[in-house]
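We count ligands from 1, going down the list as the structure has it; atoms in each ligand are counted the same way.
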Amino acid sequence: MLPSFTIPYPLSLRSILEMVSPDIPRGSRMLHWNKSFAEELGSMDARTILAALEPESRGTFYATRYGGHQFGGWSGQLGDGRAMMIGEVEGQASKWEVQLKGAGRTPFSRFGDGRAVLRSSLREYVCAEAMAHLRIPTTRSLGLLQTPDRVKRDMFYNGNVNHEPGAICIRASRSFIRFGHFELLAQGRDEKTLDALVKYSSELLGVESTNEKDARLHFFCEVTRRTFKMVTDWMRVGFIHAVMNTDNMSILGETIDYGPFSFLDEYTPGWTPNTSDQHARYAFEKQPEIVLWNLGKLAEALSASKEQLQDFLQELYLIDQEGDRDRNVMLLNKLGFSWTSTELRGLVHEWHDILHDLNLDYTLAHVALENFLIGNTMKREETGGLSNTFRNALYRTLSLAELRRLNAWLINYRKALRTSHLNMNDVCVLMRTTNPSYICRNYQLQLAIDDAEKGSTRMLETLMSLTQTPYERNSPQHKTWCTRRPDWAKFKAGASALSCSS
Ligand code: AMP
Ligand code: MG
C-alpha cells in the first residue's frame, strides 16, 4: 500500500475482501487526467497514480465480492470481477476510495478477463463527470488509461469477435458498496458480517442509531431517500441508466457503473438504449418503479424475519410517496413553477404528451420553452414563429395541426404563469437551473471514441470541457454542441442504442 493510500474497510469486513494485484500492460498511457477533480483529491498528481501502478512499486490492492438481481432474477455472486481498490485517500472535503476498473482478473472474475475496452471506459469516464456537473450524485472520474494490448469482445453478441483497444478507468467515490454486497451476505446467512457492513455503511451515510435493533432500518431509510433523490434527478435530465440491476445500485444513492446508458434525445419514455434489454425492463419511464423493486430486494436482505420485512416495506412505501411528490414538483420546476396543484399536474401531463407525439427533443424543448417566455413570441406563433422557437428541438417538420396543438398548450401555459403572478425573471431562473442545455449525448461520445481509437483526444477534451457547464446557454461551444442527435447517428452502433458489451 502506498503511503497516501489506506484500506478503508475494518477487519470485521475481511470476508468480503480479497487481495489482488493489477495487471497493467507495459506501455499503458494516461489518455486523460481529470485535473479539476484531482484537486478535490488533495491535488493528486497523475504521477502518484502511475507510480502506484509500476510493477516494482505496486502495492496490494483489493477487490470486494457482491451478488445481485439481474433483469429481475437472482444471479448469485457476480462482482467484482474487474474493479479493484487502490485504497482510500484524504481529499479536500472528505475521504475518497480510488478504484481501477479493467485492470485484470480478480478472484471474483468467474469466466471474465477482468479487462475493459476503450469505448465503454471512455463513456463511463466522461458521463460520470457530466452527471457530477449536472448536480447528480455519481462516482467520479480521475483518469483514463489506454492499454496497448487488445481486448477480445463480441460487441453485438452475434459471433463476430473483435480485438479492441483496451482501457482502465480510474474512478473514485466515498464508497463503492452496493445493494448486492448486502444481498450476497444475506444469501450466505452471514449475519455477523451483514451487521458489520450496516455499521460501516451507516457511518459513511451519517446515520446514527441508539440500538442495534433499529440500525438496519435507519440505514435502509437513508439509502431509500438517497436513491429516490437520484432517480428524480435522472428523470429531470432525461438520463436512462439502462442496467439497473441491484449490483449497480450504490448505497450512497450515486449513479454507478455506466454501461449502455443514454440521455433521451426525442422524448420516448418507453425506450431503453440497451439492446440486450429486450423487454425494456429498464426503460426511462420505468426507473422510479425499478428503484422501488430494487429497494425491496435490499429490504429482504436486511430483514431477519417476515415481521421485520413488513416494517421495512412500510417505510419504503412512505418514502416512495415522498419520492412521487418530489418528482411531480421537479417536473413543474422544469416549467418554471415552484409549487404543485391538480391543474398544473394536468398541464405537465399534456406537455409530456406533446413532447412524445411531436417527437420533440426532451432537453432542447425545455430550453425552447424558456426562450419562448423570454422572447415573448406569442403574437408570431401561429405563423412560422413557433416552429422557429422550437426549431432546435424538432426531429421532423410539424404539421399545421401539430403546430396548433403546441400553440394551444402554450397559451394555457402562459395563462397559468400569469394567474400565478410569478415574476418572469424568477420563472426563468428556476428553469435555467433545473433544465440543462448540454447533455452528453451518445453520438458525441461515439465521435470521441472514434477519435481516440485513431489516436486523437481532441473530442474527448471538448466533451470534458462541455460537461463542466451543462446549464450554460450561450457560449460558442454550447451553440455547436447543444444540438439534437443528427440523423446519421440514429442507427449507427453506439451513437444511439448499444449493447451491454464492455
Ligand atoms: P456489469 O453489468 O458491467 O455491471 O457487470 C456485472 C459484473 O460482472 C461486474 O460487477 C463485474 O464483476 C463482472 N464483469 C463484467 N465484465 C467483466 C470482465 N470482463 N471480467 C470479469 N468480470 C466482469
Ligand atoms: Mg456493474
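R216 forms no cation-pi arrangement with F182, by the criterion of a distance under 6.0 Å to the ring centre and an angle within 45° of the ring axis.
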> Taking it one step at a time, do Y125 and N34 satisfy side chain to side chain contact (heavy atoms under 4.5 Å, CB included)?
Replying inline: CA-CA 9 Å; Y125 185 75; N34 188 0; 3.4 Å; yes
> So E254 and R178, salt bridge (Lys or Arg N to Asp or Glu O under 4.0 Å) or not? Walk me through it.
Replying inline: CA-CA 10 Å; E254 286 184 347; R178 302 125 190 276; over 6 Å; no
> Passes salt bridge (Lys or Arg N to Asp or Glu O under 4.0 Å), K199 versus E203? Steps please.
Replying inline: CA-CA 6 Å; K199 184 167 181 283; E203 279 166 17; 3.7 Å; yes
> Where do N442 and R123 land on the side-chain hydrogen bond (donor to acceptor under 3.5 Å, both in side chains) test, with the steps shown first?
Replying inline: CA-CA 8 Å; N442 278 353; R123 283 170 53 82; 3.0 Å; yes
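Atom numbering of ligand 1 starts at 1 in the shown order; those under 4.0 Å from a heavy atom of D257 are 4 (O). Near G79, with a cut-off below 4.0 Å to any heavy atom, the atoms of ligand 1 are 10 (O), 12 (O).
Within the 4.0 Å cut-off (strictly below), a protein heavy atom is located near atom 4 (O) of ligand 1.
Considering backbone and side-chain atoms together, R82 places an N or O closer than 3.5 Å to an N or O of ligand 1. Polar contact check, Q70 against ligand 1: no nitrogen or oxygen pair lies under 3.5 Å apart. Taking only nitrogen or oxygen atoms, main chain and side chain alike, R110 does not reach within less than 3.5 Å of ligand 1.
The aromatic rings of Y267 and H352 sit tilted relative to each other, their planes meeting at an angle between 30° and 60°. Under the 30°/60° scheme for interplanar angles, the aromatic rings of Y200 and Y9 are found to be tilted.
For the residue pair P273 and I240, the shortest heavy atom distance occurs at CD-CG2, 3.7 Å. Residues M84 and A103 share a closest heavy-atom pair of CE-O, 3.6 Å.
Atom CZ of R110 has more than 12 heavy atoms from other residues, nucleotides or ligands within 6.0 Å.
Of all protein N/O/S atoms, those under 2.8 Å from the Mg ion (ligand 2) are N248 OD1, D257 OD2, and waters are not counted.
The part of Y66 lying near ligand 1 is the side chain, judged by heavy-atom distances below 4.0 Å. Residue contacts with ligand 1, taken as heavy atom pairs separated by less than 4.0 Å, involve D80 via backbone and side-chain atoms alike. In R115, the part holding a heavy atom less than 4.0 Å from any atom of ligand 1 is the backbone. Here R153 has side-chain heavy atoms under 4.0 Å from ligand 1, and that is the only part of it that gets that close.
Between G114, S109, G104, it is G114 that holds the heavy atom closest to atom 18 (C) of ligand 1. Taking all heavy atoms of D113, L78, N248 into account, the minimum distance to atom 2 (O) of ligand 1 is reached by N248.
Closest to atom 11 (C) of ligand 1 among all protein heavy atoms lies G81 N, 3.6 Å.
The pair D113-R153 counts as a salt bridge, with a side-chain nitrogen and a carboxylate oxygen less than 4.0 angstrom apart.
V243 places a side-chain heavy atom less than 4.5 Å from the side chain of H241.
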